[in-house]
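Here is the structure we will look at.
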Amino acid sequence: MPAPLLPGHSASHDAAAKAESRWIIFVIAVIGLLLCLIAFTSLHWVMMPTQRIETVNPATLHLAGEFTEDNLGSAIEPDGSVTVRVVGQQYAFNPPCLLVPDKTPVRFRVTSADLIHGFIIADTNVNVMLEPGYISNFLTTFKKPAMHVMPCHEFCGVGHAGMWARVKVIDKADFFRQAQNRRRLSCVEQ
Ligand code: CUA
């Protein structure tokens with residue numbers, strides 16, 4: 001609706017129109033910059049894909065490979081390090097209680113059998129996402145014996161709030177003693 005023509009109107013109208021067009025140019029420039037950034041990062045990712053990415057078929061996790069049920073939990077590698085394999089799926093982690101030693105490098109290899117879940121160990125800096133089709137792989141060391149809660153922190157459906165596990169950190173010597181008798185360790189039965 002045109003503004004009433006008053007003395008001095010035309011000058012202020014022109015000033016407003018100039019300010020408007022300056023802002024329009026500014027917004028177009030910002031959008032253009034963002035589009036360029038998207039194009040650049042997409043091309044960059046296509047040309048230099050992540051090297052250490054590990055994939056796995058979520059539909060056959062339980063049938064073969066390292067994530068079969070009897071292979072889950074903590075295992076001692078030949079070099080003395082510890083590997084923990086975990087699968088997350090609606091609405092549980094398997095195993096639901098992880099047993100790990102303190103003061104020892106612990107390698108986690110975790111994946112999801114269905115959709116995206118969160119993997120966070122309270123009171124530590126462990127915080128990753130589990131994506132179906134990919135293996136989340138990281139190394140951490142627990143300082144001292146403790147019991148940590150491990151809730152799923154990515155919304156994954158109606159049972160999300162009930163999806164959690166525990167991580168029991170025990171004395172290193174005790175852990176390696178228990179490992180002499182068992183191929184895979186967890187604290188599920190404890
Ligand atoms: Cu799994 Cu939320």
Side-chain angles (χ1 to χ4, degrees), residues 50-62 64-190:
T50 314
Q51 293 195 333
R52 293 190 309 135
I53 211 156
E54 284 182 277
T55 58
V56 65
N57 182 352
T60 55
L61 287 181
H62 58 300
E66 66 174 291
F67 292 103
T68 53
E69 183 138 24
D70 67 343
N71 209 36
L72 300 178
S74 308
I76 297 180
E77 303 296 335
D79 67 358
S81 68
V82 175
T83 303
V84 186
R85 291 182 179 83
V86 184
V87 171
Q89 70 183 104
Q90 290 173 315
Y91 294 100
F93 293 100
N94 191 10
C97 187
L98 314 180
L99 189 69
V100 292
D102 67 352
K103 303 180 186 77
T104 308
V106 177
R107 163 83 50 198
F108 279 84
R109 292 178 62 78
V110 195
T111 191
S112 165
D114 41 32
L115 35 73
I116 293 179
H117 297 284
F119 188 97
I120 188 168
I121 303 179
D123 307 321
T124 72
N125 63 357
V126 172
N127 183 351
V128 296
M129 270 165 73
L130 310 187
E131 294 178 69
Y134 298 91
I135 298 172
S136 302
N137 175 354
F138 59 91
L139 193 67
T140 192
T141 301
F142 296 92
K143 292 192 185 94
K144 57 181 195 301
M147 184 68 102
H148 301 280
V149 289
M150 196 183 97
C152 174
H153 69 301
E154 293 283 346
F155 182 76
C156 54
V158 288
H160 162 72
M163 180 171 177
W164 62 283
R166 285 173 297 158
V167 179
K168 188 177 182 182
V169 185
I170 62 171
D171 178 68
K172 187 178 176 174
D174 190 15
F175 178 90
F176 283 92
R177 199 175 315 118
Q178 292 191 35
Q180 287 172 356
N181 310 321
R182 285 188 287 168
R183 196 176 74 89
R184 292 290 179 266
L185 291 178
S186 75
C187 45
V188 171
E189 62 287 334
Q190 291 172 2

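Along the sequence shown, the residues carry numbers beginning at 1.
- Atom CG of Leu185 sits about 10.5 Å away from atom CD of Gln180, to the nearest 0.5 Å.
- Between Phe142 and His148, the angle of the ring planes lies from 30° to 60°, which puts this pair in the tilted group.
- Nearest heavy-atom pair across Pro145 and Asp171 is CG-N, 4.0 Å.
- The heavy-atom pair separating Val188 from Pro95 by the smallest distance is CG2-CB, 3.8 Å.
- Checked by atom type and distance alone, the side chain of Thr104 pairs as donor or acceptor with a backbone atom of Asp102 at under 3.5 Å.
- The shortest side-chain heavy-atom distance between Phe108 and Leu98 falls under the 4.5 Å cut-off.
- When all heavy atoms are compared, the tightest approach of Ile120 to Pro151 is CG2-O, 3.3 Å.
- Applying the 6.0 Å contact sphere to CD of Glu54 captures more than 12 heavy atoms from other residues, nucleotides or ligands.
- Interatomic distance, CZ of Phe93 versus CG of Leu72, reported as 13.0 Å (0.5 Å rounding).
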Show, in sequence, the C-alpha distance, side-chain angles and deciding distance for Leu115 and Glu154, and conclude whether the side chain to side chain contact (heavy atoms under 4.5 Å, CB included) test is met.
CA-CA 10 Å; Leu115 35 73; Glu154 293 283 346; over 6 Å; no
Test side chain to side chain contact (heavy atoms under 4.5 Å, CB included) applied to Phe138 and Asn127, step by step:
CA-CA 10 Å; Phe138 59 91; Asn127 183 351; over 6 Å; no
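- Residues Ile116 and Cys156 fail the side-chain proximity criterion, which asks for heavy atoms closer than 4.5 Å.
- Counting all heavy atoms, side chain and backbone alike, Pro58 lies closest to Ser112 at CB-O, 3.8 Å.
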Under the side chain to side chain contact (heavy atoms under 4.5 Å, CB included) rule, what do Asn71 and Arg183 come out as? Steps first, then yes or no, please.
CA-CA 9 Å; Asn71 209 36; Arg183 196 176 74 89; 3.5 Å; yes
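- Considering NZ of Lys172 and CZ of Arg177, their distance stands at 13.5 Å, rounded to 0.5 Å.
- Judged by distance alone, the side chain of Tyr91 and the main-chain N or O of Val158 form a donor-acceptor pair under 3.5 Å.
- A heavy-atom distance below 4.5 Å is not found between the side chains of Met129 and Ser136.
- Contact annotation: the side chain of Cys97 never approaches that of Ser186 to less than 4.5 Å [non-hydrogen atoms, C-beta and beyond].
- Across Thr124 and Ile121, no two heavy atoms sit closer than the pair OG1-O, 2.7 Å.
- Between atom CZ of residue Phe67 and atom NE2 of residue His62 there is a gap of 14.5 Å, rounded to the nearest 0.5 Å.
- Remark: the backbone N or O of Tyr134 is paired with a side-chain donor or acceptor of Thr111 at under 3.5 angstrom.
- Side-chain contact check for Ile170 versus Gln178: some heavy-atom pair is nearer than 4.5 Å.
- A 4.5 Å side-chain heavy-atom check between Gln90 and His117 finds at least one atom pair inside the cut-off.
- Across all non-hydrogen atoms, the minimal contact from Val169 to Lys144 is CG1-O, 3.4 Å.
- Between Val128 and Val110 there is no side-chain heavy-atom pair separated by less than 4.5 Å.
- For the side chain to side chain donor-acceptor pair (under 3.5 Å) criterion with Arg107, the lone passing option out of Asn137, Thr140, Thr83 is Asn137.
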